[in-house]
Protein chains: 2
Amino acid sequence: MKNWDDLRIFRAMAKARSIRAAAADLKTTHATVSRRIRALEDDLGSALFERGKEGYVLTAFGQSMMDLTQSVTAGVEAIDRLAFGQDGNLAGPVRLSVLEDLYHKVLADPLDSFMRDHPMIELAIETTSNFRDVHRREADVIVRITSDPPEQAVGRKVADSPLAAYCGRDYFRNRPAVDRWIALDYPPAITPQLNARSAFVANSLTVVADALRRGQGIGLLPCFMAEGDPDLVRLPEVELISDKEIWTLTHVDILHNPRVRLLMDHLYRAFADQRGRIEGRAD
Amino acid sequence: MKNWDDLRIFRAMAKARSIRAAAADLKTTHATVSRRIRALEDDLGSALFERGKEGYVLTAFGQSMMDLTQSVTAGVEAIDRLAFGQDGNLAGPVRLSVLEDLYHKVLADPLDSFMRDHPMIELAIETTSNFRDVHRREADVIVRITSDPPEQAVGRKVADSPLAAYCGRDYFRNRPAVDRWIALDYPPAITPQLNARSAFVANSLTVVADALRRGQGIGLLPCFMAEGDPDLVRLPEVELISDKEIWTLTHVDILHNPRVRLLMDHLYRAFADQRGRIEGRAD
DNA sequence: TTAGAACTGTCCAAAAATGAAACGATGTGG
DNA sequence: CCACATCGTTTCATTTTTGGACAGTTCTAA
């Protein structure tokens with residue numbers, strides 16, 4: 001193979017299934033991707049993609065190629081982790097992936113102070129609704145809300161994240177005989193035994209919380225979302241519902257990077273400080 | 001990692017331990033290698049080599065890197081084999097690796113006719129004294145003289161390669177009471193029971209054969225080297241000595257490439273035709 | 001049917017990588 | 001001690017690659 005770097009382009013292309021999308025992934029232009037793919041096909045002597053009207057689709061050969069690039073990619077990722085873990089510098093980048101809502105409710109202030117304490121660290125916060133994979137080095141540190149214990153990663157469980165039932169303050173004062181139920185479409189969908197009829201469903205914690213604050217009805221939220229919110233009242237007759245756990249994770253290869261270390265420790269403290277509220281125990 | 005291709009340069013560099021030697025391997029210039037290595041180190045953030053007076057030596061980090069590049073290299077090699085095996089074209093390249101002496105004595109004529117029969121195949125013959133590894137795709141087809149059965153490769157044993165004792169014609173006519181012994185420094189060093197004293201040692205079959213032809217003494221040679229040579233006489237009192245085997249090998253991934261197929265078949269026929277001579281059985 | 005969006009391929013100027021040569025440092029043999 | 005060879009780095013002109021713009025196509029929705 002003339003140029004190993006073409007495998008990087010090939011993989012992006014096979015995943016994105018379009019030249020433009022792959023180019024965006026690779027932070028380059030579609031012209032370049034088009035040329036590199038063509039060059040790779042010339043080099044290998046066979047077509048990797050079928051140029052149909054459906055866009056680019058892997059040929060059988062391309063599919064086999066894709067399988068074989070797995071070990072290449074795994075190797076490169078291991079190298080990236082090694083290099084990052086080897087980096088003993090305090091100055092430099094570190095990337096954190098965290099759920100948007102958890103960032104706003106729990107981590108915004110601690111991370112603000114983290115950046116003040118360590119101005120030479122370039123913290124990149126990526127808030128997502130999905131979860132990133134620490135193994136692929138898409139992020140260095142991940143705060144994950146999960147029900148499964150983590151597989152490949154290292155780190156700690158920093159809190160439980162139980163659910164409780166909440167409603168707006170005004171709603172609580174004039175509570176109807178039959179409650180309006182704001183359902184959180186959240187796996188697994190949990191419904192406590194209440195005298196209520198469903199009013200609406202949302203898959204976003206923010207949307208549910210907002211509806212509750214507006215007095216739309218009652219609904220479940222993770223405690224970290226609602227505890228301490230002046231506009232929300234917890235229904236005393238509903239017990240805490242055990243749900244997921246919050247883990248702070250990284251990869252063993254980069255655990256000794258001082259920036260990762262510092263960030264992990266800071267996150268541990270931040271969660272320890274707020275654990276009562278997150279777990280719905282203290283006020 | 002910004003550019004996966006730098007791993008290719010890194011590996012060549014780590015093996016060659018000198019910028020110029022790596023550049024020769026990579027068929028580029030030392031200036032480029034120097035720059036690419038520096039770029040890779042910048043990208044990874046750590047030094048890969050120690051620039052001592054001894055030349056370039058891997059740092060501990062570089063050593064770890066080298067280990068991790070194994071899976072990358074294995075993947076790329078598998079891809080190369082896949083692409084080559086996939087190639088159904090009759091026109092194109094195929095590379096054969098064969099021991100220099102075996103080429104001259106056994107394969108020169110058959111390969112000449114092979115190229116005449118298939119002018120669209122670009123046959124690259126690489127004669128070496130060492131052995132190439134078919135697994136690494138340094139060659140597509142290998143004719144190997146070995147005592148171990150092959151591990152990863154596929155192919156056939158095409159002949160035994162026993163040793164016999166020879167001398168020059170003139171020497172045979174006026175044979176001294178105590179023979180002069182031309183030793184072949186060939187693992188394992190074999191010495192038959194003869195009334196002889198050692199005259200000289202060479203590690204090259206060609207040199208031993210030449211010495212024998214000049215009447216320097218008697219010595220062992222593989223039959224393929226000596227049988228049919230008008231200037232050499234086989235000593236009738238010395239039995240054939242079983243030694244190594246001759247195998248024609250390729251990799252399973254590229255076995256179905258038509259050029260490989262054709263070449264393999266041609267080699268099988270060539271060895272079948274000359275098997276008697278090679279094994280010292282017929283005249 | 002047409003307007004518009006999304007896509008790929010191609011052209012050309014700009015940017016980046018490369019090879020050749022010059023340079024300085026180091027080691028070697030006479 | 002000097003002449004000479006070897007090696008890695010740097011410089012500069014050249015080649016190659018890239019990014020942006022334009023053109024042509026297909027698909028969708030009005």
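Chain naming here is simple, since letters A, B, ... match the order of the sequence lines and numbering starts at 1 in each.
In this structure, R17(B) reaches neither bases nor backbone, as no heavy-atom distance under 4.0 Å exists between it and the strands shown.
Atom CD in E41(B) sits about 13 Å away from atom C1' in dG8(D), given to the nearest Å. At whole-Å resolution of the value, CG in L40(A) and P in dT17(D) are 14 Å apart. Distance R8(B) CZ to dT18(C) P: 10 Å, rounded to the nearest Å. The nearest whole Å value for the distance from the CD1 atom in I37(A) to the P atom in dT18(D) is 12 Å. A straight line from CG of L26(A) to C1' of dT18(D) spans 14 Å, rounded to a whole angstrom. dT18(D) atom C1' lies 16 Å from atom CG of D5(B), rounded to whole Å. The separation between E50(B) atom CD and dG8(D) atom C1' is 15 Å, rounded to whole Å. Atom pair K2(A):NZ and dT16(D):P shows a separation of 13 Å (rounding to whole Å applied).
Put simply, CG on L99(B) and NZ on K105(B) are 13.0 Å apart, with the number rounded to the nearest 0.5 Å.
Listed here is the closest heavy atom pair of A47(A) and F61(A): O-CD2, 3.5 Å.
Residues F49(B) and F10(B) bring their aromatic ring centres within 6.0 Å.
Between T28(B) and dG19(C) there is a side-chain polar atom (N or O) within less than 4.0 angstrom of OP1 or OP2. In this model, the phosphate group of dG19(C) is approached by a side-chain N or O of T32(B) to a distance below 4.0 Å at OP1 or OP2.
Annotation: cation-pi geometry satisfied between R259(B) and F84(B) (NZ/CZ under 6.0 angstrom from ring centroid, within 45° of ring axis).
With DNA chain C read from its 5' end, the first of the two nearest nucleotides for A21(A) and K27(B) is the one closest to A21(A).
A side-chain donor from one of T206(A) and D101(A) sits under 3.5 Å from a side-chain acceptor of the other.
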I'd like a list of close polar pairs between nucleotides 9-13 of chain C and the protein, N/O only, cut-off under 3.5 Å.
{"unit_1": "dG9(C)", "atom_1": "OP1", "unit_2": "Y56(A)", "atom_2": "OH", "d": "3.1"}
{"unit_1": "dG9(C)", "atom_1": "OP2", "unit_2": "S34(A)", "atom_2": "OG", "d": "3.1"}
{"unit_1": "dG9(C)", "atom_1": "OP2", "unit_2": "Y56(A)", "atom_2": "OH", "d": "3.1"}
{"unit_1": "dG9(C)", "atom_1": "O6", "unit_2": "H30(A)", "atom_2": "NE2", "d": "3.0"}

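Contacts of R116(B) classified as side chain to side chain contact (heavy atoms under 4.5 Å, CB included), with partners at least two apart in sequence or in another chain: D112(B).
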So M264(A) and V141(A), side chain to side chain contact (heavy atoms under 4.5 Å, CB included) or not? Walk me through it. CA-CA 8 Å; M264(A) 294 284 281; V141(A) 177; 3.6 Å; yes
